[in-house]
There are 2 protein chains.
Amino acid sequence: MNDFELGPMVKDHRKKAGLTQLELANLAGVGKTTVFDIEKNKETVRWNNLLAVLRVLNIKVEFKSPLTK
Amino acid sequence: MNDFELGPMVKDHRKKAGLTQLELANLAGVGKTTVFDIEKNKETVRWNNLLAVLRVLNIKVEFKSPLTK
DNA sequence: CTTTTTTTACTGTTATAGCGGTAAAATTAA
DNA sequence: TTAATTTTACCGCTATAACAGTAAAAAAAG
């Protein structure tokens with residue numbers, strides 16, 4: 001289970017926000033290539049760049065573990 | 001709100017797992033510097049490296065948004 | 001259909017994350 | 001206390017992510 005893919009989620013949110021990849025990139029302060037890579041599920045992107053994109057799209061990140069719950 | 005810091009959480013989980021930074025790094029397949037940086041909240045680490053460390057510590061990542069819920 | 005926009009893909013260059021090594025603090029154990 | 005371990009910090013070197021172009025393929029608009 002949990003073969004969740006972040007890329008498609010980002011793409012979906014961007015679409016629903018009415019943004020092009022370039023617009024999202026500019027809003028997030030990253031290059032268009034980075035947005036493209038994120039949507040393609042490339043995981044070698046930098047954490048801060050991914051965070052910047054998620055922030056624009058109002059996607060929150062949560063970390064959970066048996067210890068946390 | 002939500003000035004959540006990932007670094008301390010990683011450190012706490014590592015401690016409770018009885019691992020040194022070096023051991024965690026080796027288990028995750030990253031350099032010791034990367035583990036150190038993550039615990040210091042350095043956000044320029046690569047997403048895949050962060051994921052590898054979280055996986056060892058059994059910390060799951062969830063993405064949430066108004067659209068998702 | 002045709003035109004426009006967007007997305008995908010590739011390229012060369014630049015900036016820097018990641019790495020292991022080393023060593024000094026800081027912490028923990030004996 | 002001293003000794004051993006761990007963490008923090010810094011150092012070059014290397015690998016590669018990020019970037020702005022460019023252009024072709026795909027999608028959307030007219």
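Proteins get letters first, then strands, A, B, ... in listed order; numbering begins at 1 in each. Bear in mind the structure is a predicted one, so any value in this text is a computation, not a measurement.
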Within less than 4.0 Å of OP1 or OP2 of [N], is there a side-chain N or O belonging to [X]?
X      : N       : value
K15(A) : dA27(D) : no
Q21(B) : dT6(D)  : no
K11(B) : dT8(D)  : yes

[X] [atom1] to [N] [atom2], straight-line distance once rounded to whole Å:
X      : N       : atom1 : atom2 : value
K32(B) : dT8(D)  : NZ    : C1'   : 10 Å
E39(B) : dT6(D)  : CD    : P     : 14 Å
F36(A) : dA27(D) : CZ    : P     : 13 Å
R14(A) : dA27(D) : CZ    : P     : 13 Å

For nucleotides 14-18 of chain D, tabulate all protein N/O to nucleotide N/O atom pairs closer than 3.5 Å, reporting atom names and distance.
unit_1, atom_1, unit_2, atom_2, d
dA18(D), OP1, R46(A), N, 2.6
dA18(D), OP1, N49(A), ND2, 3.2

Exercise for review: Apply salt bridge (Lys or Arg N to Asp or Glu O under 4.0 Å) to E43(B) and list each qualifying residue two or more places apart in sequence or on a separate chain.
Suggested key: none
Review point. Got a sec, which residues hit side-chain hydrogen bond (donor to acceptor under 3.5 Å, both in side chains) with N41(A), two or more places apart in sequence or on another chain?
Key: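 Result, side-chain hydrogen bond (donor to acceptor under 3.5 Å, both in side chains) vs N41(A): E5(A).
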Point to revise | Results of side-chain hydrogen bond (donor to acceptor under 3.5 Å, both in side chains) for N26(B) - residues two or more places apart only | key: none
Could you report the tightest heavy-atom contact between [X] and [Y], atom names first, then the distance?
X      : Y      : result
L67(A) : K16(B) : CD1-CD, 3.8 Å
A52(A) : A28(A) : CB-O, 3.5 Å
G18(B) : E23(B) : O-OE1, 3.8 Å
V10(A) : E39(A) : CG1-CG, 4.0 Å
F63(A) : T68(A) : O-CG2, 4.2 Å
M9(A)  : K64(B) : CE-N, 4.5 Å

Study note, to complete from the structure: Of E23(A) and N26(B), the one whose nearest nucleotide on DNA chain C sits closer to the 5' end is E23(A)
Exercise for review: Using modelled atom types only, decide if a donor and an acceptor are shared between the side chain of R46(A) and the backbone of R46(B) within a distance under 3.5 Å.
Suggested key: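 Side chain of R46(A) to backbone of R46(B), a donor-acceptor pair under 3.5 Å: no, none is there.
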Review point. Once you build an axis from the first five pairs and another from the last five of the helix from dT2(C)-dA29(D) to dA30(C)-dT1(D), how far apart in angle are they, to 10 degrees?
Key: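 Nearest ten degrees gives 70° for this helix.
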Revision key, fill the gap. 5'-most to 3'-most nt of DNA chain C touching chain B (<4.0 Å, heavy-atom partner on protein side) reads dA17(C) to dT22(C)
Practice item. Mind telling me whether W47(B) and W47(A) have parallel, tilted or perpendicular rings, with 30° and 60° as the class edges? Key: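 Rings of W47(A) and W47(B): parallel, as their planes differ by under 30°.
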